[in-house]
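One structure is given below, encoded as C-alpha cells.
If you're wondering where the values come from, they're calculated on a predicted model, not measured in any experiment.
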Amino acid sequence: GIAGVAYAVMTTPLDRGVATWFLEHAYEEGGGTNVVNVILVDFRGFDTFGEITVVCIVAITVYALLRRFRPAPESIAVSGVYRKLEIEEQALADVNEPLPRGPMRTPAVLVRLLLPLAGLVAFYLLLRGHDAPGGGFVGGLVAATAVIAQYMAGGTIWVESRLRVHPLVWIGLGLLAAAGAGMIAWLDALPFLTSRIVDVQLPLVGEVHLSTVLLFDLGVFALVIGATLLMLVALAHQSLRSPRRAVAPAVPDADGDGLVVEAESP
C-alpha cells in the first residue's frame, strides 16, 4: 500500500500551488531574493512571531524545571559527580585568574579566539539572510554555540563571573524588537507586522536600504541566542550540583509514644 501511494505521488503532475506565488512575489513585495527568509519574516511574519514566543516559553519552562533540580543518586554515580566537582574546583580555584589551570588552559585560549570570529560570522549571517542563506535563526545559533564553547573550556563558574548580558535579557530584548518591528506599521495605520522601508543616506557609505524586516530578524536573532543559552546553561549548572541526600523512610518510634524517627542513610 505504501509503495502504491509513493508511486502515485511520484507520477502525478506537480501542482506548485501557493509556492509559485511566493517565488514570483518574494522580491517585488518582500524585497528579498531568499524566498524562505522572506516568507518567515514578511509574508508569514505573524506565524514566526508566535513561534519565537513559544521558543521563549519553552526556554523559561526548561530553566524553571532545572533551576532547583538535583541529579538522583540512582541515575548518576555519586563518585563521578563529586569527581567532576573536584576537577572544576581545581581548575577554577580563583575566578580572577585569566585562564583556567590544568589541561583546559590551551582549549580555553582557542575558544576565546573563536568567540569574536563566531560573533562576526553570526552577524554576517543575520545581515545576508534576506538575500542569501542565513537569517536570525542561524545567526543566533552560531553565536550561542560560541558562548557555550566558553562554558565547555572555561567552566561554568569562570564564565558566569564575567557574563554581562544574561540570557533572559537577550530573550526580552528579542521579543521587544520583534514586536516593535510590527508596531511601527501602526504609525501609518497599517496592519501589525506590515513591513516599512526607508532609504537613508550615510556619509562615506552612501544610500542604505533599511526595512522593519531587519529589526524583526534582529529580534529573532537575539531571542534565539537567549533561549538557546538559557536551556543549555541550565543543563551546564547540573555539573555543579551534587545528588540529593538519601533519606530513609520514617519508622515508628520504639517507645510507642506515637512519634516517628527519620533515619538518614549513609
Side-chain angles (χ1 to χ4, degrees), residues 1-62 118 121-146 148 171 174-175 177-186 188-199 209-232 235:
I2 295 297
V5 172
Y7 176 79
V9 170
M10 290 186 293
T11 55
T12 301
L14 179 62
D15 181 12
R16 303 182 70 90
V18 71
T20 304
W21 187 91
F22 283 127
L23 290 172
E24 294 174 350
H25 294 81
Y27 184 75
E28 295 179 0
E29 299 188 20
T33 56
N34 182 358
V35 180
V36 174
N37 188 267
V38 172
I39 293 173
L40 289 175
V41 300
D42 196 302
F43 292 133
R44 301 185 66 86
F46 193 76
D47 289 348
T48 304
F49 185 75
E51 290 169 6
I52 63 175
T53 304
V54 170
V55 170
C56 167
I57 295 172
V58 170
I60 294 176
T61 303
V62 171
V121 171
F123 194 65
Y124 169 72
L125 291 173
L126 167 67
L127 294 180
R128 79 193 294 259
H130 212 51
D131 296 306
F137 281 104
V138 177
L141 291 176
V142 171
T145 302
I148 290 299
I171 291 176
L175 279 178
M183 289 186 289
I184 289 176
W186 291 348
D188 294 331
L190 294 173
F192 181 66
L193 282 174
T194 302
S195 61
R196 310 307 296 146
I197 300 173
V198 60
D199 293 323
H209 182 77
L210 297 178
S211 173
T212 55
V213 170
L214 178 60
L215 180 60
F216 184 86
D217 219 10
L218 186 63
V220 174
F221 175 78
L223 187 137
V224 169
I225 292 177
T228 305
L229 287 180
L230 189 64
M231 290 186 284
L232 294 180
L235 294 173

Chi angles and distances behind the side chain to side chain contact (heavy atoms under 4.5 Å, CB included) call for L214, L127: CA-CA 8 Å; L214 178 60; L127 294 180; 4.1 Å; yes
For the student: nearest non-hydrogen atoms of A122 and G139, plus distance: CB-O, 3.2 Å
Heavy-atom side-chain contact between L175 and L223 under 4.5 Å: yes
Side-chain (D217) to main-chain (G136) donor-acceptor, under 3.5 angstrom: yes
Whether D131 side chain and N34 backbone form a donor-acceptor pair below 3.5 Å: no
Non-hydrogen side-chain atoms of F49 and F216 separated by less than 4.5 Å: yes
For Y124, all residues meeting side chain to side chain contact (heavy atoms under 4.5 Å, CB included), sequence neighbours excluded: R128
Pairwise side-chain contact, L190 with R196, heavy-atom cut-off 4.5 Å (strictly under): yes
Nearest non-hydrogen partners of F43 and H25, listed with the distance: CZ-O, 3.6 Å
Criterion side chain to side chain contact (heavy atoms under 4.5 Å, CB included) on V55 and V224, from CA distance to verdict: CA-CA 8 Å; V55 170; V224 169; 5.8 Å; no
Test item: L215 and I184 side chains (from C-beta on) under 4.5 Å apart, heavy atoms: yes
Heavy-atom check, side chain of L210 versus side chain of D199, under 4.5 Å: no
Validation row: W186, T194 side chains within 4.5 angstrom (heavy atoms): no
Rounded distance [0.5 Å steps], CD1 in I197 versus OG1 in T212: 8.0 Å
F22 CZ: over 12 foreign heavy atoms closer than 6.0 Å: yes
Rounded distance [0.5 Å steps], CZ in F137 versus CD1 in I52: 7.0 Å
Test item: I225 and L141 side chains (from C-beta on) under 4.5 Å apart, heavy atoms: no
Min side-chain heavy-atom separation L229-I148 under 4.5 Å: yes
Heavy-atom closest pair, residues C56 and I171: SG-CG2, 3.3 Å
Side chain H130, main chain G30, donor-acceptor under 3.5 Å: yes
Parallel, tilted or perpendicular, as decided by the 30° and 60° cut-offs, for the rings of F192 and F46: perpendicular
Listed partners of A146 passing side chain to side chain contact (heavy atoms under 4.5 Å, CB included), at least two apart: L115, A118
L193 vs M183, side chain to side chain contact (heavy atoms under 4.5 Å, CB included): CA-CA, chis, key distance, verdict: CA-CA 7 Å; L193 282 174; M183 289 186 289; over 6 Å; no
Among L40, I39, V38, side chain to side chain contact (heavy atoms under 4.5 Å, CB included) partner for V36: L40
